[in-house]
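Step one of this worksheet: look at the structure below.
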Amino acid sequence: MKRDVAIVGAGYVGMPLARVFANAGKSVVLIDVDAGVVEGINRGESHIGDVPSGELKRLVDDGRVAATTDYDALEDADAILVALPTPLSSQREPDLSIVRAAVEDIAKRLRKGQLVVLESTTYPGTTRECLQPILESTGLKAGDDFHLAFSPERVDPGRTDWTTHNTPKLVGGLTPACTERAAELYRSAVETVVPVSSPEAAELTKLLENIFRAVNIALVNELAQLCERMDLDVWEIVEAAETKPFGFMSFKPGPGLGGHCIPIDPFYLTWKAREYDFYTEFIELAGKVNANMPYFCRSLISQALNHGAQKSLKGSRVLVLGVSYKADIDDVRESPAEKIIGLLNKAGAEVAYHDPHVAEFDGMRSVDYAPEEYDCVVIVTAHSAIDYDDLVERAQIVVDFRNATGRNGTGHAKVWKL
Ligand SMILES: NC(=O)c1ccc[n+]([C@@H]2O[C@H](COP(=O)([O-])OP(=O)(O)OC[C@H]3O[C@@H](n4cnc5c(N)ncnc54)[C@H](O)[C@@H]3O)[C@@H](O)[C@H]2O)c1
């Protein structure tokens, strides 16, 4: 069946993309290796919070969205968008194996006139150095026989003010014609399209955005550690700085980086920069400070138990509250909770967790919410479903890494804040 758009990878990026194109009247096919995900989509059941099942069901029933595990569906598509994971290897180097394998499958079906766009976050040069040769091994030429571009996804899962539809979309094609073809497609479904001069410019822009966050979070995390020594409240200082109407952008400290982007993407650039005899020192330094946060947090929990209950971590019952990497979502990828729970277990604590969004995590199941039953409750992720005043009332000790207890927690005898 003829489709306007095929999206390879039906995850946090692919699903919202399918939604905006389908809502713009395009017919979309999602291709994913996970048969369970594919069957769910075809029943109109969404596994991604940003795409409500009711809306998906309507789009599936209208014939505008379908999913399959079969790459042959690509043959009938005008445009092929690739939204696949780009993780790091165990040596913290870019691992493009998933993207490469998928592009090889695309190449087998590539035909004249198609547009291929990579959406996955990656180092500058990926589209030209990795995708182009695989796709041209077919004998077709990029820019002449088919179009090739990079257009980074900027979705922030769980966010409702800025979505795939209204967040400006960068597009960098291999040739001006590639840029124009990709821009034209996105213009049909998203509010603003921003063309840039090349795929490399678009690839590096996406990395700059994520590195900017990683570095600024590290800065405020370092300040939080200094504030602890100086007996100052880092939350008060950040809030006070926020009152400056210009020249300051607020970042909050926390127990460490999480998610599929900020802890990973900057190292794609570090790796690529080495090819140019260049060391990306801000990225390395930010990585070091942020990676240390779970260790710093363990020592805060230990101090809270020492001073608040004359207990050691060993043998104490600790409830970790919130394990997803950020509030009000179920995504646990790279969540700092995993590191913190590991460190607490290693120190001999008895650890349980409660998370209204995550039923299973790290070989454990979310326990009932009964803060009074633990020596200490540690807020790792501040879901809005929890009543934090009630928590402070009921818990014996609260260690708050997110300022979830707010003014009530400040100076409270039971509450230790980052
Ligand atoms: N999640 C975010 O917030 C976000 C934001 C911006 C950019 N990105 C980037 O977008 C890319 C995709 O991320 P995501 O969060 O959507 O990933 P994801 O893990 O949510 O989804 C990827 C999907 O691809 C499928 N898949 C894996 N291998 C496949 C293959 N060979 N063929 C077909 N399907 C396959 C998986 O089953 C999964 O459903 C990454 O590069 C990421 O860095 C993510």
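Counting convention: from 1, in listed order, for ligands and their atoms alike. A quick note: this is a predicted structure, and the numbers were derived from the prediction, not measured.
In terms of modelled atom types and a separation under 3.5 Å, the side chain of D32 and the main chain of V38 share no donor-acceptor contact.
Aromatic ring orientation, H357 versus H383: tilted (interplanar angle from 30° to 60°).
Protein residues lining ligand 1, listed by chain and number: V8, G9, A10, G11, Y12, V13, I31, D32, V33, D34, Y71, A83, L84, P85, T86, I98, S120, T121, E153, V155, P157, K206, H260, C261, R333 [non-hydrogen atoms, distance under 4.0 Å].
Judged by a 6.0 Å distance limit and a 45° cone about the ring axis, K26 is not positioned over the six-membered ring of F21.
Applying the salt bridge (Lys or Arg N to Asp or Glu O under 4.0 Å) rule to pairs touching residues 40-51 yields R43-E45, sequence neighbours excluded.
Here R394 does not pair with E373 in a salt bridge; the nearest charged N to carboxylate O distance is not below 4.0 Å.
Checking Q132, E203, E200 one by one against T127, the side-chain hydrogen bond (donor to acceptor under 3.5 Å, both in side chains) holds for a single residue, E203.
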